[in-house]
Amino acid sequence: MARLPFTVIGGFLGAGKTTLLNRLLRGSAGRRFAVLVNDFGAVDIDSRLVTAHGGDTISLANGCICCSIGDSLVLALVRVLEKADRIDHVVVEASGVADPARIAELALIEPMLERDGVLVLADATSVQARAADRHVGDTVQRQLDGADLLILNKADLVDAAQLAQTTAWLQARQAGARVVPAVHAEVAIEALFGLASNGAPAAPTAAASAATPPVRRWSLSTRGLIDRAALLAALAALPASVLRAKGILRLADAPLQRSVLHMVGRRIDMRSDTPWGIAALRSDLVLLGTPDMPADAELDRLFATVPVTPVA
Amino acid sequence: MSSTVIYPARRVITMSTHQPFATHVAVRDGRVLGVGSLAELQGWGAYTLDRRFEDLVLLPGFVEGHSHAFEGGVWRFPYVGFFDRRSPDGTVSPGLKSIDAVVARLRAIEREMTTKDGPLLAWGFDPIYFGGRRMDRGDLDKVSVERPVLVIHSNFHVLNVNTPVLAKAGIDHTTNVHGIVKDAAGQPTGELQEIAAKYMAYRASGIDLAAALSDEQAVWRFARVAQLAGVTTATDLHNELPDSTVAGYLQASARDDFPIRLLPAFGAIALPVEDGVAKLRALVRQNNERLRFGLVKIITDGSIQGLSARMRWPGYYNGLPNGVWNTGPDDIDRLLQAYHDAGFQVHIHTNGDEASEVALDAAERVLARTPRRDHRHTLQHCQMADAAQFRRMAALGMCVNLFANHLFYWGDIHYAQTLGPERACRMDACATALRTGVPFAIHCDAPVTPIGPLFTAWCAVNRLTASGRTLGEAEKIGVPDALHAITLGAAYTLKLDHEVGSIEVGKRADFTVLHDDPLTVAPEALKDVRVWGTVLGGRVFEAPAG
Ligand SMILES: [Zn+2]
């Protein structure tokens, strides 16, 4: 059975985690999410979409379920995995003081899960003050440090100079940080959770297109052998607007194996462990991003710098 | 007319100031009709004289202000700790003095198991007494290489597992996860810590584990362990209180032979506050003589020995980074305000002194916004508080329940590693509580340490660590003050001092019956005073000889 992607959403109290989760539950684009939340009361679900409400779980017409974490995340997760055959993706809302990167590590000791992204929201109006707070500063800094992708929320509540300054501050405290500005946690859900990464762009549902900005997509396909180091360098040079990348690659240094690339924000996982089998000997790379993602021509130019050895 | 029983005793220690000692106590309708001499009590009319306590000493029933019914849950599984521990059936589970002894015990249990591949779970293990040697998967593979074997440490935050558990989870040298301990060669040793430990415990033993740890049988086992130690009132000081648990508690406590009064504290983080307040109000309506809902618990930080307590400057003695918040400062404010406004009493877990500071700040703000007399919000553990923090508790009308057992079980570690000598010598500062006038109790936090108020009192009186070091002469208290802390003092922190905690006319006939007189034995021998049994609401519960 395929592993379930496991995404952790972190961030301090008030950063907008619940807003993002509400968007996800509304615009799931056909993927059945199990969303584990801290505060059931804060989740805003249209009651017409609820098909069952049993104690600590709400089932929705679109196949998603929303589960209350109560006082034990571990127990809530173990319970959700009992329903693994009915879900496609597990999303956990970390508590406002938890370290989301630590929670994401559970995917490394649970064979049913595959670590996806650690998405951390930060409140543009207060994140710097919070990070300097006597009691919670270290907690906030740990959350920021563990992020694969930082969503700088409430960008509309600060002026352009402040936004630029806060973005620069986030980037200065962590080399390679990917910071995406957002208003009301509006980030292309489909790109954020990889809903459109396989083949053609997913047909967005009406709800999804209404609730989230459109997703930008760029892809590359080649039969040649790709240079690993140069590819990683090109990926690392991408701007934050490229939220994720997914690839099945044939690398020059491991031509007999399928290499699977998985990128969320700044985190890149590359595994070269399975033989090609009957699959076509070809490399496919897809980037997903926000509307601010660079134009196709610019991305074409960037990846043209990656050496590809033609195969006879 | 109801019948009256008069019990003569070697001595009745009442904890009441107007008559501290007496020779007789009269009981009618489950309550104390009077205490004094036989001549004084005869005036109440016809009575039966019951001489069974004639050579024994009566005290108010002990009140354990911070324990968990989870103690009864874990007794479903074998105990493999270093120290002897009394089990619910009264037998003593002997302490295991080496890792090999633990392995031998587990092998014997494994051979008796009826399933072929079911998990073997044990608890109470503590590696700090084995001279630095840690248990590893090689040890537990000697127990079985087929079934999962899991040994939970006494702190409940660390776990040792055998190779099958690691293999099933796909944990190997490539697994880089915080809390998975590796050896010099980079291989996992089988020791798992914190979230990884907790996850694996539930994953390997199935989701039924949680229910089994909190069912009706579990609360019976807890009540029996408490009763054997002379306890008549005990808290279950953090519970999400799902319907299944509540049903079990109601059924158990409905029986006359349920031997304790149980006070569950609702874990405030489990539900949105409006739902939590409504739930608690509904639960309070189901209260009976032996079951009292109404307490609320907030957990702020972690533990000192787990290096997860929130410490003020200068932090941990060994230089490790500060601990973690379980509930952040904003949420502490919000939860405390909501339950305070709803009229409930809130118990706040604070181990480190930064956590205590944040809790005091929150209480100060809440009380400024909505003043309330006699709230008795209580700091629980509060192990590192300094004198200034105690003065703030006094000023805010707060109580404290200090974790005296820590002095013995982890005092050496605190002295050498976590707190350093100065702060270790002032931890769990009972004498400071007394001097500053903060009403206080002392506790065991069972199952983290065994339930046994006389042992807890002994810790507060002698402040000896497991290795025999005295931690802070200045914070020792006398035996009478320690006995107060495990009776009336603890009852006060639970708002039950009008009902239990002393032997006085009108109060519940809850007694602890002792073979020896704790006020005449040497203070160093307080923990060895033998418990004969208890009386709860006039019903006698004799403990089997230990
Ligand atoms: Zn506790």
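Protein chains get the first letters and strands the later ones, always in sequence-line order, with residue 1 at the start of each. We use all heavy atoms of the structure for the numbers below, so side chains are in, but hydrogens, waters and symmetry mates are not.
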(request) Starting at CZ of A:R79, measure out to OH of B:Y202 and round the result to the nearest 0.5 Å. (result) 8.5 Å
(message) I need the B:H178 NE2 to A:D99 CG distance, nearest 0.5 Å.
(response) 9.0 Å
(request) State, yes or no, whether a side-chain contact exists between B:I195 and A:V74 at a heavy-atom distance under 4.5 Å. (result) yes
(request) Select, from A:V136, A:L81, A:I109, the one with the greatest count of heavy-atom pairs under 4.5 Å involving chain B. (result) A:I109
(message) On a heavy-atom basis, which atom in A:R142 and which in B:N322 lie closest, and how many Å separate them?
(response) NH2-O, 3.5 Å
(message) Salt bridge or not between B:R310 and A:D138? Use side-chain N to carboxylate O under 4.0 Å.
(response) yes
(message) With rounding to the nearest 0.5 angstrom, report the OG to NZ distance, A:S72 to B:K198.
(response) 3.5 Å
(request) Counting only heavy atoms closer than 4.5 Å, note whether B:D275 contacts chain A via side chain, backbone, both or neither. (result) neither
(message) Less than 4.5 Å to any heavy atom of chain A: does that hold for the side chain of B:L271, its backbone, both, or neither?
(response) neither
(message) Just verifying a value: how many Å separate B:D330 CG and A:F12 CZ, rounded to the nearest 0.5 Å?
(response) 5.0 Å
(request) Would you check if there is a donor-acceptor pair between the side chains of A:H135 and B:E354 at a distance under 3.5 Å? (result) yes
(message) So, taking the atom named CE in B:M200 and the one named CG in A:L106, what distance separates them when rounded to the nearest 0.5 Å?
(response) 8.5 Å
(request) Counting only heavy atoms closer than 4.5 Å, note whether B:V358 contacts chain A via side chain, backbone, both or neither. (result) side chain
(message) Check A:R134 with B:E357, please: is the shortest side-chain N to carboxylate O separation under 4.0 Å?
(response) yes
(message) More than 12 heavy atoms of other residues, nucleotides or ligands under 6.0 Å from NZ of B:K168: yes or no?
(response) no
(request) Quick one: which of A:S95, A:G70, A:G96 has the most heavy-atom pairs under 4.5 Å with chain B, could you say? (result) A:G70
(request) Tell me, for B:N176 versus chain A, whether the close heavy atoms (under 4.5 Å) come from the side chain, the backbone, both or neither. (result) backbone
(message) Looking only at heavy atoms and a cut-off of under 4.5 Å, which of A:L13, A:I69, A:I103 has the most pairs with chain B?
(response) A:L13
(message) Is it true that, when you exclude B:R76 itself, more than 12 heavy atoms of the residues, nucleotides or ligands shown sit nearer than 6.0 Å to its CZ?
(response) no
(message) Is the shortest side-chain heavy-atom distance between B:H238 and A:D71 below 4.5 Å?
(response) yes
(message) What part of B:L192 gets within 4.5 angstrom of chain A, counting heavy atoms only: side chain, backbone, both, or neither?
(response) neither
(request) May I ask you to decide if B:A169's main-chain N or O and A:E110's side chain share a donor-acceptor pair within less than 3.5 Å? (result) no
